[in-house]
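Supplied in structure tokens, the structure appears directly below.
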Amino acid sequence: MIDVCELLQIDYPIIQGGMGNISNAQLTAAVSEAGGLGTIGCGTMPPDEVEKIILETKQRTNKNFAVNIAISVSPYTKELIDLVIQHNVPVVSLSAGNPAPLIPVLHDHGIKVIALVASVKHAQKAEAAGADILVAEGFEAAGINSSLELTTFALIPQIVKHVNVPVLAAGGIGDGKGLAAALMLGASGVQMGTRLIATKEAPFHEVYKNNLVQAGDTETTIFGRSVGRVRRILKTPYAKQLTEQEQAGMTLEQYAEWTSEEKHVKGAMEGDMENGFINSGQIAGLIEDVPTVKELLERMVEEADEQLNRSAQELREVRSRAGK
């Protein structure tokens, strides 16, 4: 934990996941101000839009934040790399593609690099390429997922075993118990997305937040397996349409059209559940309130501390009874 906090210059080993075209300065800055690492997700936004968010984030906080570039998703990867260098962004996370050619360029400008991975093989390659930190994301996570479909609980300890750089756990984490579990699996911290949607500072539509608060444990669904594009979304009228369309057969081009960032914005920002989708991880069933980001992070750290101490004490008692 301490290595991650020192490397990223943050108080808590908690970072925000990239949120594509619904990313904004308000939530990014709030996460950084609360002691975590806020993240601007570039999605498919053109560089001038990303630049506006970077500048506004700098106005809202003087603490570190990151920019996430989804390499194969964005049509502006090269321009975005130039942009983060131009604005001295301290941390960049790279996902959805091979980070190897980009890491040396970022390192040459003193930028720390986080690489998102979904398997041991990916993790080893990212480490060999020079990534400073890895985010290992399990299949429980919201939005675009690896078609390998490895779960967080199985993925984290295997990756930690095979690399030497710090690993953050992502997917299925939304409270202090999740943070404690990640640490016990060998992670040095966590990345969260869905849980941060339901916070006071997050400028998303109230329908989105209310859907998360009201969601049960089976309220997410997977779309896109048939075309090799796995995406986890919340069950809504539009999600039902998507499921029916996929069952009837669809092309990769149709998938791209139906899950475009325009459809994402329509659901998340406009609250239109009939014509737009909302991403959600499986932790939606754990969300019961809409706190400030500061309240959420502090509560998580306190709960994790209590849970780890309680479990350690109980384990000592169990071993004592067993005569160990």
Side-chain angles (χ1 to χ4, degrees), residues 1 4-5 8 10-20 22-41 53 56-57 60-66 68 135 140-143 152 168-183 187 189-217 219-220 232-234 267-269 271 278-310:
M1 284 186 289
V4 166
C5 291
L8 301 178
I10 55 179
D11 296 328
Y12 304 131
I14 300 172
I15 73 173
Q16 175 188 0
M19 295 180 175
I22 66 170
S23 283
N24 55 83
Q26 297 97 304
L27 183 56
T28 301
V31 174
S32 292
E33 282 292 302
L37 183 75
T39 301
I40 299 167
I53 301 175
E56 185 182 345
T57 301
R60 290 173 175 268
T61 183
N62 59 8
K63 297 187 176 181
N64 272 7
F65 64 90
N68 169 252
V135 169
E140 302 92 327
T152 303
L168 303 181
I173 299 156
D175 59 14
K177 290 184 176 67
L179 172 58
L183 297 176
V190 300
Q191 174 179 285
M192 297 194 305
T194 303
R195 187 61 187 91
L196 289 167
I197 297 289
T199 55
K200 289 190 176 359
E201 294 93 338
F204 308 117
H205 202 282
E206 287 304 308
V207 170
Y208 192 174
K209 296 183 183 183
N210 290 338
N211 268 274
L212 291 176
V213 171
Q214 295 166 10
D217 58 343
E219 291 301 310
T220 68
R232 187 178 296 281
I233 57 179
L234 202 68
M269 307 305 293
I278 48 178
N279 289 323
S280 173
Q282 289 185 321
I283 61 101
L286 291 173
I287 298 175
E288 298 177 343
D289 62 354
V290 183
T292 66
V293 174
K294 186 174 187 294
E295 290 168 344
L296 174 63
L297 265 57
E298 290 180 349
R299 185 168 72 191
M300 283 183 62
V301 172
E302 181 179 357
E303 183 183 14
D305 189 6
E306 292 174 355
Q307 185 66 43
L308 290 169
N309 283 319
R310 185 184 308 117

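All of these numbers come straight from a predicted model, not from anything done at the bench.
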Please list, one pair per line, the donor and acceptor atoms closer than 3.5 Å that link side chains of residues 175-183 to other protein atoms, with sequence neighbours excluded.
from: D175; atom 1: OD1; to: K177; atom 2: N; distance (Å): 3.3
from: D175; atom 1: OD1; to: G178; atom 2: N; distance (Å): 2.9
from: K177; atom 1: NZ; to: E303; atom 2: OE2; distance (Å): 3.0

> If you round to the nearest 0.5 Å, how far is CD of E298 from CD1 of I14?
Replying inline: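 The CD1 atom of I14 sits 10.0 Å away from the CD atom of E298.
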
> In chain order, what residues pass the side chain to side chain contact (heavy atoms under 4.5 Å, CB included) check against A215, with sequence neighbours excluded?
Replying inline: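 Partners of A215 under the side chain to side chain contact (heavy atoms under 4.5 Å, CB included) test: E219, L234, A284.
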
> Is there a donor-acceptor pair under 3.5 Å between the side chain of K200 and the backbone N or O of V290?
Replying inline: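 Checked: pair present.
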
> Quick one: does M19's side chain get under 4.5 Å of F204's, heavy atoms only?
Replying inline: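 Yes - at least one pair of side-chain heavy atoms lies under 4.5 Å apart.
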
>> Rounded at 0.5 Å granularity, tell me how far OG1 in T28 sits from CD in Q16.
In response: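 One finds 4.5 Å between OG1 of T28 and CD of Q16.
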
>> I need the N24 CG to I40 CD1 distance, nearest 0.5 Å.
In response: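 Spacing of CG (N24) from CD1 (I40) equals 9.0 Å.
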
>> Restricting to non-hydrogen atoms, name the atom on A34 and the atom on Y12 that form the minimum distance, rounded to 0.1 Å.
In response: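 Closest pair (atom of A34, atom of Y12, distance): O-CE1, 3.5 Å.
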
>> Can a donor-acceptor pair be found, under 3.5 Å and without considering hydrogens, that links the side chain of D305 to the backbone of V301?
In response: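 No; zero donor-acceptor contacts below 3.5 Å.
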
>> So V31 and T39, do their side chains get closer than 4.5 Å, heavy atoms only?
In response: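 No, every pair of side-chain atoms sits at 4.5 Å or beyond.
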
> Say you draw a straight line from OG1 of T220 to CD of Q282; how long is it, rounded to the nearest 0.5 Å?
Replying inline: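 The CD atom of Q282 is 4.5 Å from OG1 of T220, to the nearest 0.5 Å.
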
> Say you draw a straight line from CZ of R60 to CD of Q26; how long is it, rounded to the nearest 0.5 Å?
Replying inline: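 Result: 4.5 Å between the selected atoms.
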
>> How close do G174 and M192 get, counting heavy atoms only, and between which atoms?
In response: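 Looks like CA-SD, 4.0 Å.
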
> Which atoms form the tightest heavy-atom contact between G41 and S23, and what is the distance?
Replying inline: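 Scanning both residues completely, I find the closest heavy atoms to be N-OG, 2.8 Å.
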
> Which pair of heavy atoms, one from G35 and one from L297, lies closest together, and at what distance?
Replying inline: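 Smallest interatomic distance, heavy atoms only, reads C-CD2, 4.4 Å.
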
> Does some side-chain heavy atom of E295 sit less than 4.5 Å from a side-chain heavy atom of D289?
Replying inline: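 They are not in contact (no side-chain heavy atoms under 4.5 Å apart), so the answer is no.
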
>> Minimum heavy-atom separation for I10 and G36, please, with both atom names.
In response: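 So the two residues come closest at CG2-O, 3.4 Å.
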
>> Looking at every heavy atom in both K63 and D11, which two are closest together, and how far apart are they?
In response: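 Residues K63 and D11, closest heavy atoms: NZ-OD2, 4.4 Å.
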
> How long is the span from the OG1 atom in T199 to the NZ atom in K294, to the nearest 0.5 Å?
Replying inline: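 NZ of K294 is found 14.5 Å from OG1 of T199.
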
> Taking only residues two or more places apart in sequence or in another chain, which ones pass side chain to side chain contact (heavy atoms under 4.5 Å, CB included) with Q191?
Replying inline: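 Applying side chain to side chain contact (heavy atoms under 4.5 Å, CB included) to Q191 gives I15, L116, V135, E137, A170.
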
> Quick one: does L196's side chain get under 4.5 Å of L296's, heavy atoms only?
Replying inline: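 The answer is yes; the side chains approach within 4.5 Å.
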
> Mind checking whether R195 and M300 have side chains closer than 4.5 Å, heavy atoms only?
Replying inline: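 No, side chains not in contact.
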
> Only one of N279, I287, I278 forms a side-chain contact (heavy atoms from CB on, under 4.5 Å) with T194, so which one is it?
Replying inline: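 Considering N279, I287, I278, a side-chain contact (heavy atoms from CB on, under 4.5 Å) with T194 is found only for I287.
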
